Amino acid sequence: MPKNASKKPVDRETTVVLMNEKKWYKPSKKAKNEATVKHWKTAHEYATENPMRFWEEAACDLKWYRKWKVTHAEKKKHFHQWFLGGKTNVVLNALDRHMGTPTENKVAIIWESDSGESRKITYKELDIEVCKMANGLRGLGVKKGDRVAIYLQNTPEIAISMLACAKIGAMHSVVYAGFSAHALRDRIDDAEAKLLITSDVGYRSGKTIDMYSLCAEAVKGAKSIKKMVIVKREKSTKKQNKTRDIWFHELQKGQSEDCNTEMMDAEDPLFVLYTSGTTSKPKGVVHVHGGYQVGVNRTLKWVMDLKEDDIYWCSADPGWITGHSYIIYGPLMAGVTTVMFEGAPNYPKPDRLWKLVQKHKVTIFYTAPTLIRALMRFGDEWVTKHDLSSLRLLGSVGEPINPEAWRWYHRVVGKKKLPIMDTWWQTETGMFMITPLPSMPLKAGSATLPFPGIEADVVDKKGQPVKVGEGGYLVIKSPWPSMIRTIFNNPKRFIKTYWKEIPGYYLTGDLAHKDKDGYFWIQGRSDDVLSIAGHRIGNAEIESAIVSHPDAAEAAVIGKPHPIKGESAKAFVILKKGVKGNDKLIKKLKKQIRKMLGPIAVTDEIDFVTKLPKTRSGKIMRRVLKAQELGQKLGDTSALAD
Ligand code: WT7
């Protein structure tokens, strides 16, 4: 742990909240009639009455090799298990069960590349690709329980790779393809991945990105990595390391189109996905085959209201949990068509998304507030010149959506008719947790109520519910099927992070308040984790990247409100003796952050200082810096040393 990492995730007093939108947005008759759950109150009451029965019924929507014996058990304190004794595999439901049914000829994936070509893959074709890849991986010695790192952009090959791993019982560890070689290496080492799957290049906004060199640098000397599998996207690319590198297509070549799906225990791990916490070391969040499927399947079908013919598009990246649950596994389990888009929303022009909605007749569109805010700025006509009449439902995720952006999304994209599902959840929760159902009345900026079967609340430090309108810590009070099982190789940190601060409850790390109607309003993180354009980055991670530069002695990073990104990072840096702070050094430090973590973590501002506010025990008080920066009241400063 770096010297200035905060030990205690909860160190902010609860605050009184002023913002409160009063206007109700009622669902149209049409939306209500079409909704899978027409009577949301009844659904909530039914689940609350007997949550276990609710989740058992949700599990019965899926196919199992063998039915479970025990629905839920807390094997060891805080280590919850679901559907014990059940045998399954997420691929059984995402692919196998569609074979031999009319779904096999349906388009599973519509892929749109950066440059504008599209590729359609049916369920049958996807199954064949996955089988060939799975056989290829087995041929390379990948076994049940092994970890496979994946560093790919939003392309069909990322879905094929993830499904192939799951099929043979290997855990995938997808690393967002915007992370640096250094960050990728950290994750490879932590997971002890045997294999890395990547591509020679990637494309974004018309630019070619050299993925191969980045990956080659990342695996240099990595003990665990045996092979690198490379998707060939450029004809001219040559293999560079003959013993280590294999082309993706060559690995698939000659492989059988059949491959048995590994029968997994419900509690066998499906994947590890790294996310930021309050120390500089990312946490490997572990999800399992059984409960994860149940949670994702039920939430997606009910919240996004999936119907057989839906063309569903979640504009996130598969490198994050949103992509895992709701681009790949969820839609495929539901047997709908899922859209994967490699490009950027403003390339070649700011109407790219809306053009795609029209082109592919998208019916459900799920995106992030940062994107909505960015596109809002370009003006309505970029949206209105396209025919968006295929749309029937909208979604939002990643950070609080400010009422202004909500209303724009509702008015301009949704033509004042479409429900907006503002879904609050986390990498750790695996599925939507606080979210509307399409038949519910909405308020602009509120994620509304906990999903049926979920017990959430806003409490003070002692775990007591706070008053209406008062801010507090968002907690989940009882277990749910797709909950995080542990932190990879670090069960102690798992307990400490999520279960120790407010005993008895799962601590989300978010601040929230409830209004008089019981609706939840998420206010942002309570711990030292930033949300930059919906990307979760630990303050400590950036600080540690800065002090890895030889000129920096100490650093403190805070988040500042940003009109588009939601939050931007600012660093305060103490330099080593004799080093002069100037623009050139600012550039160097930014470069260092980019090298250690990637472009998403680069701070907007860097100030050089000679002192940082600290507690008597030497811990940097970031909230003091933040209050000063934003001209706010300091609050309790009794811990401040100086
Ligand atoms: C954090 C989780 C869940 C997928 C994307 C991010 C924030 C997420 C919302 C929302 C307000 C939200 C929270 C949460 N967050 N969705 N609808 N309203 N805040 O996953 O990287 O694990 O980040 O994102 O702060 O704790 P993640």
Side-chain angles (χ1 to χ4, degrees), residues 9-10 19 174-176 178-179 272-278 282-287 295-296 299-300 303-304 314-330 366-373 394-403 405-406 409 420-436 442-451 456 458 471 473-476 482-484 487 497-498 506-513 519-538 541 559 565-567 600-601:
V10 173
M19 185 192 80
V174 179
V175 179
Y176 172 62
F179 276 119
V272 54
L273 179 59
Y274 286 86
T275 188
S276 295
T278 50
K283 305 178 279 196
V285 173
V286 175
H287 283 289
V296 170
T299 48
L300 183 60
V303 175
M304 296 299 169
C314 165
S315 78
D317 190 281
W320 309 108
I321 191 68
T322 316
H324 282 55
S325 299
Y326 298 116
I327 297 180
I328 296 173
Y329 290 122
Y366 183 33
T367 194
T370 180
L371 232 137
I372 298 168
R373 286 191 298 266
L394 302 173
S396 170
V397 63
E399 48 171 320
I401 176 162
N402 49 309
W406 195 100
Y409 196 29
I420 299 178
M421 301 296 105
D422 176 5
T423 59
W424 178 91
W425 59 297
Q426 309 177 297
T427 305
E428 293 89 339
T429 69
M431 64 175 217
F432 306 148
M433 297 295 280
I434 300 176
T435 172
L442 307 171
K443 294 186 196 185
S446 167
T448 72
L449 298 171
F451 188 77
V458 182
Y473 303 98
L474 179 64
V475 293
I476 312 295
S482 66
M483 66 200 291
I484 173 177
I487 291 177
T497 309
Y498 303 108
Y506 165 86
L507 184 74
T508 66
D510 277 20
L511 292 169
H513 78 276
Y519 274 34
F520 285 70
W521 297 78
I522 315 295
Q523 293 163 250
R525 301 287 306 190
S526 70
D527 53 8
D528 287 315
V529 172
L530 301 160
S531 171
I532 305 173
H535 301 315
R536 195 166 141 182
I537 311 275
E541 277 174 281
K565 295 193 282 189
E567 201 165 30
I600 48 171

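Note that the structure is predicted; figures quoted are calculated from it, not measured. Each ligand, and each atom within it, is numbered from 1 in the order the structure gives. Note: hydrogens, waters and symmetry copies are ignored here, and every other heavy atom, side chains too, is used.
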Of the backbone atoms (N, CA, C, O) and the side-chain heavy atoms from C-beta on, which set of Thr427 has a member under 4.0 Å from an atom of ligand 1: side chain, backbone, both, or neither?
both
What's the shortest heavy-atom distance between Trp424 and Ala447, and which atoms?
CB-CB, 4.1 Å
Determine the minimum heavy-atom distance between Gly524 and Pro400, stating which atoms define it.
N-CG, 4.2 Å
Tell me the protein heavy atom at minimum distance from atom 14 (C) of ligand 1, and give that distance in Å.
Asp510 OD2, 3.5 Å
Measure the shortest side-chain to side-chain distance between Asp510 and Gln523 over non-hydrogen atoms and say whether it is less than 4.5 angstrom.
no
Compare every heavy atom of Ile327 with every heavy atom of Ala316, then report the nearest pair and how far apart it is.
O-CD1, 3.3 Å
Can Tyr498 and Tyr506 be said to form a ring pair (Phe, Tyr, Trp, His ring centres under 6.0 Å), step by step?
CA-CA 5 Å; Tyr498 303 108; Tyr506 165 86; 5.3 Å; yes
Closest approach of any protein heavy atom to atom 23 (O) of ligand 1, naming residue and atom:
Arg536 CD, 3.4 Å
Using heavy-atom distances only, which candidate in Thr275, Asp422, Thr508 approaches atom 17 (N) of ligand 1 most closely?
Asp422
Does ligand 1 have an atom under 4.0 Å from some heavy atom of Trp425?
yes
Would you check whether Pro400 reaches within less than 4.0 Å of ligand 1, judged by its heavy atoms?
yes
Between the side chains of Arg536 and Thr275, does any donor sit under 3.5 Å from an acceptor?
yes
Quick one: look at Thr423 and ligand 1, take heavy-atom pairs under 4.0 Å, and tell me if it's side chain, backbone, both or neither.
backbone
Kindly state each residue pair satisfying side-chain hydrogen bond (donor to acceptor under 3.5 Å, both in side chains) with at least one member in residues 314-323, sequence neighbours excluded.
Ser315-Thr367
Is there a salt bridge (charged side-chain N to carboxylate O under 4.0 Å, His left out) between Glu567 and Arg373 once you walk through the steps?
CA-CA 12 Å; Glu567 201 165 30; Arg373 286 191 298 266; over 6 Å; no
Could you check which of His324, Glu428, Glu399, His535 puts a non-hydrogen atom nearest to atom 19 (N) of ligand 1?
Glu399
Here the atoms of ligand 1 under 4.0 Å from any heavy atom belonging to Ile522 are 11 (C), 19 (N)
What protein heavy atom sits nearest atom 7 (C) of ligand 1, and how far away is it?
Gly398 O, 3.2 Å
Can you pull out the closest protein heavy atom to atom 4 (C) of ligand 1? Residue, atom name and distance to 0.1 Å, please.
Thr322 OG1, 3.1 Å
